[in-house]
Amino acid sequence: MYPTRYSQTILDAATSVKAKTAELLWAYIDVEPIPFNRGFYTVDVKYFYKVTAEAFAGAGRPREICGLATYDKRTVLFGSEGSVRIFSSHYLPQENDLQNFEKTNLPIAVVEVVDPVALGIKVTDGCDCGECALNDIPDNICHCFDDDIVICDEGKKLFVTLGQFSIIKLERDIQLLMPAYDICMPEKDCSGSTGGAADDPCDLFQRFKFPVDEFFPPKYSDYMKTNGSNSNNNGNNNSCGCNRR
């Protein structure tokens, strides 16, 4: 965790720190094809978090500190291939349609996340791992803090543990074949074909009971009832299944 300059001053004098909240600010996504594996892509996601904690110094009241935390995650997903050049327009009523930029049907990475849970935080006097340097912080991330973020400093360091739920997926435009049928109108009146009945076909159809069961598959319990009815109380398994002997 990289605290702000003001928070770093408080942290250097603190004896303990307690994690409070964590907020996801942004997720940077990069998609690259995997060589020699057609249709597979690596999705690299870099999460940016704003972490708020409470620093305790002696017997005084805790003071709130905040800082920036990052996390990198890589996944490999299948997204197929696409090399079609797509041109489209944006419809505007009674005006000239705006022409959109050319695009392809290559997959697009989408990350769905919720705000993380601050599970724990640890304070150390320093770090010799050589991996604490954070370069090129985006401007929109810097604007989320009221003070400058301390990247390299000789003071105390913070390490925070976050719990993050996320769904990473690849989306692309595909073509779906949907069958369409014309309306078939009857060309012959067959209402009087059975014994010369003069009933209206619509009136006859109105007397039909709607087949509700045909639209809903039978449940598992229905199968159990049917199988159980094949055996009567006398142990005779020659029943036809109609509950009649």
Side-chain angles (χ1 to χ4, degrees), residues 1-34 37 40-79 107-171:
M1 173 180 167
Y2 305 94
T4 60
R5 191 170 303 278
Y6 176 74
S7 298
Q8 183 68 50
T9 304
I10 301 176
L11 178 63
D12 293 338
T15 57
S16 63
V17 179
K18 182 181 70 173
K20 191 176 180 181
T21 60
E23 177 187 1
L24 178 63
L25 299 177
W26 191 40
Y28 176 79
I29 310 172
D30 182 50
V31 182
E32 296 294 338
I34 300 179
N37 290 272
F40 286 87
Y41 300 83
T42 58
V43 181
D44 294 293
V45 184
K46 190 177 189 66
Y47 298 100
F48 294 85
Y49 304 98
K50 182 179 181 181
V51 182
T52 304
E54 292 181 342
F56 297 84
R61 296 178 57 185
R63 305 177 66 179
E64 187 175 276
I65 61 175
C66 66
L68 174 66
T70 62
Y71 178 72
D72 297 312
K73 183 177 182 61
R74 165 172 287 192
T75 58
V76 177
L77 300 175
F78 178 77
I108 300 175
V110 177
V111 179
E112 299 180 0
V113 295
V114 295
D115 284 336
V117 180
L119 301 177
I121 196 168
K122 181 177 66 174
V123 184
T124 61
D125 293 333
C127 181
D128 299 329
C129 60
E131 298 179 356
C132 293
L134 181 64
N135 300 322
D136 298 332
I137 301 179
D139 293 337
N140 59 331
I141 299 298
C142 295
H143 294 333
C144 297
F145 298 89
D146 299 331
D147 198 359
D148 297 335
I149 299 176
V150 178
I151 302 299
C152 297
D153 192 78
E154 300 298 332
K156 295 181 179 180
K157 303 296 182 183
L158 283 175
F159 294 88
V160 62
T161 302
L162 303 176
Q164 176 72 73
F165 294 96
S166 62
I167 299 177
I168 302 176
K169 56 186 178 180
L170 290 177
E171 296 181 353

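Only a predicted model underlies this, so the values are computations on that prediction, with no experimental measurement involved. Reckoned from all heavy atoms, side chains included, excluding hydrogens, waters and symmetry mates.
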Which residue pairs pass the salt bridge (Lys or Arg N to Asp or Glu O under 4.0 Å) test when at least one of the two sits in residues 58-73, sequence neighbours left out? Lys20-Glu64, Lys46-Asp72
Between OG1 on residue Thr70 and OH on residue Tyr47, distance to nearest 0.5 Å: 12.5 Å
Is there a donor-acceptor pair closer than 3.5 Å between any side-chain N or O of Thr15 and the backbone N or O of Phe56? yes
With side chain to side chain contact (heavy atoms under 4.5 Å, CB included) as the test, pick out the partner of Met1 among Val51, Leu68, Leu11. Val51
Roughly how far apart are Ile121 CD1 and Glu54 CD, rounded to 0.5 Å? 10.5 Å
If we only count heavy atoms from C-beta on, is the Val123 to Leu158 side-chain gap below 4.5 Å? yes
Please list, chain by chain and in numerical order, all residues satisfying side-chain hydrogen bond (donor to acceptor under 3.5 Å, both in side chains) with Tyr41, sequence neighbours excluded. none
Heavy-atom pair of closest approach, residues Ile34 and Thr42: CG1-CG2, 3.6 Å
Spacing of CD1 belonging to Ile65 relative to CD1 belonging to Ile10, to within rounding of 0.5 Å: 7.0 Å
For Asp147 and Tyr6 the tightest heavy-atom approach is OD2-N, 3.1 Å
Electrostatic pair Lys50:Glu23 at N-O distance under 4.0 angstrom: no
So how far is it from Tyr71 OH to Leu24 CG, rounded to the nearest 0.5 Å? 13.5 Å
Minimal non-hydrogen separation, Val150 against Tyr2, with atom names: O-CB, 3.6 Å
For Ile108, give me all partners under side chain to side chain contact (heavy atoms under 4.5 Å, CB included), at least two apart in sequence or on another chain. none
If every non-hydrogen atom of Ala14 is compared with every non-hydrogen atom of Lys156, which pair is closest and at what distance? O-NZ, 2.6 Å
If you measure from CG on Leu77 to CD on Glu171, what distance do you get to the nearest 0.5 Å? 11.5 Å
Surrounding CG of Asn140 (heavy atoms of other residues, nucleotides or ligands, distance under 6.0 Å), is the total greater than 12? yes
Side-chain (Asp115) to main-chain (Ala22) donor-acceptor, under 3.5 angstrom: no
Which pair of non-hydrogen atoms, one from Ile141 and one from Phe48, has the smallest distance, and what is that distance? CD1-CB, 3.9 Å
Where do Val76 and Asn37 land on the side-chain contact (heavy atoms from CB on, under 4.5 Å) test, with the steps shown first? CA-CA 11 Å; Val76 177; Asn37 290 272; over 6 Å; no
Non-hydrogen atoms of Leu162 and Ala118 that approach each other most closely: CD2-CA, 3.8 Å
